[in-house]
Amino acid sequence: MEGEEIGKRIISVTARELGKKPEQIKYEHHFANDLGADSLKSIELVAAFEEEFDIDVNEEEALKVRTVGGAIDFFKKLLSN
Amino acid sequence: MKLYHLSDVSEPNLIKDIFPYYLPPIIKFEGNIKETIDGKEVEFDPRSVIDRDIHITDTTFRDGQQSLPPYSKEQMVNIFKMLSRLGGSNGVIRQTEFFLYTKKDREAVDACRNLGLRFPEITGWIRANKVDFRLVKEMGLKETGMLTSCSDYHIFNKQKQTRREAMEEYLSVVEAALEAGIRARCHLEDVTRADVKGFVVPFVQRLEKLTENQPEHLKVKIRLCDTMGFGMSFPNAAEPRSIPKLIWRMKEECGISEDRLEWHGHNDFHKVHINGACAWIYGVNAVNTTLFGFGERTGNPPLEGALIELISLKEELMGVDLAVMTQLAEYYQKEIDAAIPFNYPFVGRDFNTTRAGIHAEGLRRDEEIYNIFDTAKLLNRPPKVAITDKSGTDGVAIWVNDFLGLKGEERLTLMKVAKIQRWVMDQYEKEERLTAISNKELEDQVKLHFPDLYKRANNRESNL
């Protein structure tokens with residue numbers, strides 16, 4: 001899967017889960033501080049990413065990711081492996 | 001001021017010599033305790049508990065029964081058997097005492113004695129008069145406790161006697177016991193409110209004189225009864241409330257050895273357990289307890305607390321089977337209909353149940369972070385979480401994984417249980433719920449979201 005495609009899907013899932021439009025989501029956005037994701041919502045986001053890419057991720061590593069850009073990089077790396 | 005530098009270690013120091021986890025936490029001492037008595041400094045060595053024969057005596061069937069509806073004979077026999085298993089073959093629960101006044105009391109003594117168990121030994125309890133003493137003789141017991149009240153509240157205001165009259169009467173019953181070959185255990189009632197130098201010490205000195213030439217098994221025993229819970233464990237507390245001073249006077253001024261000294265407390269000031277432990281530390285070998293602390297008014301030292309304390313002091317299990325404590329708690333609640341508070345240490349329903357999300361997170365990472373010792377192995381009570389709006393996704397993850405019996409890599413992640421946690425939060429945020437989520441409701445959620453795992457867990461359960 002192309003890196004650009006992964007980025008688009010991360011943004012699309014983030015927008016859907018957080019009730020926002022995709023164009024409101026920026027690469028540098030912090031999930032909690034900028035997008036208002038509380039701890040449960042952050043877990044739900046990772047769960048939604050897992051579902052989107054049909055993959056199980058390492059819980060501890062995934063929940064360390066704080067930004068949209070961080071999530072894109074995380075899944076790019078994971079999916080390229 | 002001495003300056004301390006940070007010790008930035010690469011590996012955690014979990015202080016395993018004190019918190020071994022496979023045992024309750026160890027109690028260590030680093031020196032003698034000093035006490036001022038009659039203007040002079042005396043020392044106690046708390047480390048002596050390692051070598052001394054410290055043990056527990058039980059009064060569940062006597063003082064314990066004074067606060068609950070009477071037990072049936074069958075219940076007494078069942079509890080007696082469990083006490084024996086709990087205390088083990090080393091006799092950590094050394095003795096238990098019975099009333100002898102009713103036919104049922106005496107039948108229970110016979111039934112327990114007929115079990116042929118070595119421990120706990122059966123002793124009696126009587127008022128210090130010759131009529132009551134006949135009951136002990138008839139029952140063929142080797143030892144009996146007898147009420148020898150010490151404070152002027154009892155002697156003057158209750159018994160309407162002078163100190164001399166009271167003392168002579170007590171001594172005459174002890175003499176009768178000796179003549180019958182029965183060991184007397186004098187219960188110094190209300191001793192923490194008595195004139196120690198004016199009555200208690202002279203009386204105990206007379207008692208000791210009375211039995212000094214007797215064989216060891218007939219030498220008088222002394223039970224220090226803190227009838228109203230006035231006893232104080234603090235070093236240098238004044239008499240008559242000071243437990244250390246009382247013990248010192250019994251040993252040093254009356255010649256009562258530690259193996260003939262016992263502490264009996266009451267919980268009127270929330271000091272009951274620590275006062276019992278204090279008595280052990282300062283030189284008494286026996287602490288008298290009741291199961292779950294049931295006893296007159298606010299109760300007695302809880303036997304289960306004393307057991308854990310003894311193990312912590314001795315640094316080993318001493319043959320105690322702590323899991324029987326869990327069985328006894330179930331028995332009391334189901335068969336005797338006795339209420340044990342849900343947060344009661346070691347046996348309450350929720351004693352190791354966390355509701356806090358942050359604690360649940362710790363529990364998921366390492367059980368030892370929020371569990372006092374290996375409660376699964378020692379008490380057959382693994383740590384649990386109760387699910388509320390405060391328990392977090394970690395709490396749900398623990399509950400679901402434990403319910404499904406999943407171990408190691410199989411355990412579901414926070415992401416997998418997020419839908420259940422969302423349902424939980426909706427209950428509180430949308431439905432404005434005020435109660436905890438029940439196990440049945442959680443089970444239904446598991447069935448809904450993990451039907452295959454649910455089926456597998458159910459099959460495993462039915463195959464057991």
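In what follows, chains are A, B, ... by sequence order, proteins preceding strands, each numbered from 1.
Counting non-hydrogen atoms of other residues, nucleotides and ligands closer than 6.0 Å to NZ of B:K16 gives a total above 12. The environment of A:E23 atom CD is dense: over 12 non-hydrogen atoms of other residues, nucleotides or ligands sit within 6.0 angstrom. Residue-environment remark: NZ (B:K419) stays at or below the threshold of 12 foreign heavy atoms within 6.0 Å. Heavy-atom neighbours of B:E441 CD from other residues, nucleotides or ligands within 6.0 Å: above the threshold of 12. Counting heavy atoms of neighbouring residues, nucleotides and ligands inside a 6.0 Å radius, atom CD of A:E28 exceeds 12 of them.
Minimum heavy-atom separation, A:E59 to B:L414: OE1-N, 2.9 Å. Heavy atoms only, all atoms of each residue included: A:I43 and B:A418 are closest at CG2-CB, 3.9 Å.
Taking NZ of B:K416 as the reference point, atom CD of A:E50 lies at 4.0 Å (rounded to 0.5 Å). The CG atom of A:D56 sits 7.5 Å away from the CE atom of B:M415 when rounded to the nearest 0.5 Å.
Interface residue B:T413: backbone and side-chain heavy atoms are both found under 4.5 Å from chain A. In this structure, chain B has no heavy atom under 4.5 Å from any part of A:L45.
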